[in-house]
Peer 1: 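Below you'll find the structure I mean.
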Amino acid sequence: MIKRIEELVKKLNEASKEYYQFDREIMSNREYDELYDELVALEKKSGIVMASSPTVKVGYEVVSSLPKERHPSPMLSLDKTKSKEDLKDWLGDKEGLLSWKLDGLTVVLTYEEGRLAKAVTRGDGTTGEVITPNARTFENIPVEIPEKGTVTVRGEAVIGYSDFEIINEKGEYKNPRNLCSGSVRQLNSEITAGRHVKFYAFALAAGGGEFRLRSRQLKWLEEQGFQVVESIPVTRKNIVETVDMFGDKIESFDIPSDGLVLIYDDIEYGRSLGMTAKFPRDAIAFKWADEIKETVLRDVLWNASRTGLINPIALFDPVELEGTTVSRASVHNLSIVEELELGIGDRIRVYKANMIIPQIEKNLTKSGTCTAPGECPVCGVKTEIRDENGVRTVFCTNMKCPAKRIEAFAHFVSRDALNVEGLSKATLEKFIDEGIIRDFADIFTLEKKKDRIIRMEGLGEKSFINLLEAADKAAKTTPARLLNALGIPGIGAANSKVIAKACRNSWEKIQNLTEGELTEIDGVGSVMAEDFADYFRNDKNKEAVSALLEVIELDESFDEGTGKKLEGKTFVITGSLEHFENRSALKNRIEQEGGKAAGSVSSKTDYLINNDSKSSSSKNKKAAELGVPVITEEEFLEMIK
């Protein structure tokens with residue numbers, strides 16, 4: 001049942017994303033409603049509701065500081081060993097559970113009457129920080145469970161390696177654990193929501209009835225909707241073999257792990273052993289014995305990225321680590337290069353962090369001769385060193401650096417920006433390499449390069465005509481879309497709409513906003529405002545925008561009398577539409593009138609828009625249950641006349 005719930009949540013969320021963000025239908029309204037009804041029924045039957053379920057709406061919260069709270073009992077660390085034989089001796093003739101020791105942030109969850117009531121970090125083991133709004137955004141956490149008594153669950157909040165690589169583009173964090181810690185302890189839960197944090201339960205601290213075995217306790221947690229840490233029953237006979245099995249899996253394991261945990265399966269026996277001043281006696285941690293090799297640093301390669309950040313990569317004489325040959329390691333940023341005092345020819349010690357990521361453990365000679373590049377390795381333009389929160393990084397200052405340009409153009413033509421259909425990244429690379437596209441404006445004058453384009457591999461007369469039609473359609477746009485398309489740091493689709501609305505769609509006002517004026521706009525912070533103002537102060541940027549305005553048609557219309565008619569009202573949209581092109585268009589109109597468009601019907605919904613008021617869809621049923629009025633598009637249009 002739980003697997004089906006997870007499957008339905010994933011399917012429905014994918015369908016909603018395609019529909020609302022990209023105006024694409026990957027399933028019919030009927031199929032969506034059928035799956036939604038099935039999910040509602042399963043949630044009601046099981047009592048499990050996941051935080052990411054489309055049946056609930058998790059709001060974001062901003063706090064000034066994280067409150068502290070003392071744990072009912074100390075959360076002690078575990079004694080550790082790097083010896084498999086020690087594990088065997090520790091277990092003796094008892095049965096145990098061997099599981100991953102996940103490398104994240106330990107969090108304690110408390111449920112009251114089946115709902116998540118509180119989340120607290122481990123902190124120093126005695127006192128933790130309350131992070132309840134943030135925990136509600138963890139991707140796989142159940143916000144409702146079947147058990148209605150008080151339940152306390154301990155687990156690990158983690159960010160996978162694949163998500164870490166994407167989020168950590170600026171090299172600000174050394175590893176996923178640091179990123180997870182910073183994400184979980186954010187003051188703004190919306191930031192946490194974008195970090196793909198997951199929670200894996202490893203213990204039931206209170207509630208849920210009495211269990212004799214840990215293995216049954218974990219099974220019960222699974223039945224409540226939690227994802228639990230993978231655990232395997234072991235005895236003295238098979239524990240070494242099982243440790244090796246975990247070791248074989250770690251290279252392809254996406255979740256950071258710094259070892260294993262062995263705990264007695266018999267709960268009462270474990271409790272009877274008591275604890276020392278530092279450690280409980282019912283569990284022990286096994287740490288991977290990092291294989292460390294000494295080698296010689298031969299070079300530091302500075303690699304330019306699409307954001308302009310230039311990352312240092314250490315190149316050294318090849319060594320064998322954990323069964324593979326390693327000859328390079330990321331050094332993340334200039335601060336770490338300086339801390340290690342790296343220099344060409346230095347003798348360094350390297351290892352694989354958690355048996356996966358090559359790292360420099362120590363510099364033995366510390367010559368300190370390695371310095372930041374004065375020029376970008378790709379375009380040769382002067383670099384600059386930035387210090388953000390004590391982390392020194394190197395950036396390319398050339399807005400037209402090839403390393404940046406392809407991604408900048410790809411964003412410019414993307415769906416939420418100018419939406420030039422059919423202009424793929426591969427085609428952009430060809431056009432940029434051939435000099436056909438140098439600036440954004442060139443995208444709208446491709447007819448001048450027809451002869452060259454139709455002779456290019458993979459492009460012909462038909463492709464060229466389709467491209468011109470797509471560009472012509474995209475040329476008719478709005479200030480909000482144009483602002484988003486420029487790729488100013490921090491200014492995405494949502495902020496672009498807010499800024500455009502604050503300026504009543506006047507492009508002249510938008511591009512001349514001061515930092516002070518920007519920070520007065522709801523949702524725009526000081527860093528974002530500085531980046532915005534810097535962009536429009538740059539002469540090259542101003543020239544590029546001016547050239548662009550000559551080849552596009554900007555709709556700056558703004559009805560002064562609107563924007564307040566739906567203030568404070570929340571709408572939900574379902575069913576087919578007749579007067580609006582798609583749901584996104586209707587949603588935009590609601591927002592223009594000061595209203596809010598939500599994804600699901602709740603007690604906070606004022607109106608459900610559905611042209612079929614007699615529909616048996618789940619949203620209509622929910623609206624009837626809550627007494628929410630169901631109105632047609634025509635009735636909606638009457639409201640905003």
Peer 1: Hey, are the side chains of V350 and V326 touching, using non-hydrogen atoms and a 4.5 Å cut-off?
Peer 2: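 They are not in side-chain contact.
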Peer 1: Taking H332 for its side chain and V337 for its backbone only, find out whether a donor-acceptor pair lies under 3.5 Å.
Peer 2: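 Between the backbone of V337 and the side chain of H332 there is no qualifying donor-acceptor contact (under 3.5 Å).
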Peer 1: Checking side chain to side chain contact (heavy atoms under 4.5 Å, CB included) against E6, which of L8, I2, V9 comes through?
Peer 2: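 Only one of L8, I2, V9 forms a side chain to side chain contact (heavy atoms under 4.5 Å, CB included) with E6, namely I2.
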Peer 1: Side chains of S183 and R195: is there a donor and an acceptor less than 3.5 Å apart?
Peer 2: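 There is such a pair (donor and acceptor under 3.5 Å, judged by atom type) between the side chains of S183 and R195.
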Peer 1: What is the ring orientation for Y111 with F226, classed by angle as parallel under 30°, tilted 30 to 60°, or perpendicular over 60°?
Peer 2: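 If you compare the ring of Y111 with that of F226, the planes turn out perpendicular.
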Peer 1: Is the gap between the ring centers of W100 and Y200 under 6.0 Å?
Peer 2: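 No, the ring centres sit 6.0 Å or more apart.
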Peer 1: Might you work through the salt bridge (charged side-chain N to carboxylate O under 4.0 Å, His left out) test for E144 and R115, ending with a clear yes or no?
Peer 2: CA-CA 5 Å; E144 293 183 29; R115 293 178 178 272; 3.1 Å; yes
Peer 1: I need the E320 CD to T325 OG1 distance, nearest 0.5 Å.
Peer 2: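 Answer rounded to 0.5 Å: 3.5 Å.
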Peer 1: Using only atom types and a distance under 3.5 Å, with no angle test, would you say the side chain of D265 pairs donor to acceptor with the backbone of S215?
Peer 2: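 Checked: pair present.
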Peer 1: Between K287 and D258, is there a side-chain heavy-atom distance shorter than 4.5 Å?
Peer 2: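 Yes, their side chains come closer than 4.5 Å.
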Peer 1: Any side-chain heavy-atom pair from N333 and I336 closer than 4.5 angstrom?
Peer 2: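 Side-chain contact under 4.5 Å: yes.
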Peer 1: May I ask you to decide if G149's main-chain N or O and E147's side chain share a donor-acceptor pair within less than 3.5 Å?
Peer 2: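 Yes, the answer is positive, given that a donor and an acceptor are paired below the 3.5 Å cut-off.
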Peer 1: Using modelled atom types only, decide if a donor and an acceptor are shared between the side chain of D244 and the backbone of E241 within a distance under 3.5 Å.
Peer 2: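 Answer holds: no.
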Peer 1: As an exercise, state the distance from CG of L97 to CD1 of I263, rounded to the nearest 0.5 Å.
Peer 2: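 It comes to 7.5 Å.
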